[in-house]
Amino acid sequence: MKKAILDRVEDGKAVFLLEPNQQTWTIPQAELPAGIHEGSSVIIQGKKITLDTKTTAENKARIAAKLEQLRNKKS
């Protein structure tokens with residue numbers, strides 16, 4: 001089992017960053033399961049890719065909090 005984040009989709013390929021060392025792993029975009037978008041955290045087991053909803057939500061909340069901090073500093 002591996003954890004990864006979908007970094008980007010370009011030229012018909014989905015590019016994941018594998019944890020913990022940020023190695024890239026690429027699959028055809030057509031093989032990307034529904035509901036997985038750029039920034040989604042996933043669990044990879046063999047050829048099965050599953051959305052890690054808990055980690056995805058935690059990452060989004062952490063990023064939103066950082067953006068809010070930046071906005072408040074500019075004021």
Side-chain angles (χ1 to χ4, degrees):
M1 177 181 87
K2 297 177 184 175
K3 289 190 168 197
I5 295 176
L6 179 55
D7 183 53
R8 63 190 180 278
V9 177
E10 63 182 12
D11 300 326
K13 297 191 184 302
V15 181
F16 290 89
L17 296 177
L18 300 172
E19 294 179 2
N21 55 9
Q22 304 299 308
Q23 274 186 307
T24 59
W25 179 62
T26 306
I27 64 168
Q29 184 179 2
E31 294 179 17
L32 196 60
I36 296 177
H37 310 284
E38 291 177 352
S40 294
S41 291
V42 299
I43 297 171
I44 302 166
Q45 293 176 297
K47 293 197 175 225
K48 184 178 179 187
I49 301 169
T50 307
L51 179 64
D52 183 345
T53 53
K54 182 177 183 255
T55 303
T56 298
E58 289 169 353
N59 289 343
K60 284 184 180 182
R62 183 176 38 80
I63 291 167
K66 285 185 179 186
L67 284 173
E68 188 63 29
Q69 278 183 324
L70 289 171
R71 286 187 191 112
N72 289 337
K73 283 184 179 181
K74 288 182 180 179
S75 303

Next item on the list: State, with a plain yes or no, whether a side-chain heavy atom of Thr56 is found less than 4.5 Å away from one of Leu51.
Entry: yes

Next item on the list: For Glu19, enumerate each residue passing the side-chain contact (heavy atoms from CB on, under 4.5 Å) test, keeping only those at least two apart in sequence or located in another chain.
Entry: Lys3, Ile5

Note to self: Rounded to the nearest 0.5 Å, what separates atom CG in Asp7 from atom OG in Ser40?
What the structure shows: 11.5 Å

Notebook entry, point to check: For the salt bridge (charged side-chain N to carboxylate O under 4.0 Å, His left out) test, which of Lys54, Arg62, Lys60 pairs with Glu58?
Noted result: Lys54

Check: Got a second to check how far Arg8's CZ is from Glu38's CD, nearest 0.5 Å?
Finding: 9.0 Å

Checklist line | Those residues that, when tested against Ile27, pass side-chain contact (heavy atoms from CB on, under 4.5 Å) (two or more places apart) | finding: Ala14, Phe16, Trp25, Glu31, Leu32, Ile49

Next item on the list: Only pairs at least two apart or in different chains count here, so list each ring pair (Phe, Tyr, Trp, His ring centres under 6.0 Å) that has a residue in residues 44-74.
Entry: none

Checklist line | Interatomic spacing from CD1 in Ile44 to CG in Asp52 - rounded to 0.5 Å | finding: 11.0 Å

Margin query: For residues Ile63 and Leu17: do they belong to one hydrophobic cluster (side chain heavy atoms under 4.5 Å, members Ile, Leu, Val, Met, Phe, Trp, Tyr)?
Written below: no

Next item on the list: Measure the OG1-CD1 distance between Thr53 and Ile43 for me, rounded to the nearest 0.5 Å.
Entry: 8.5 Å

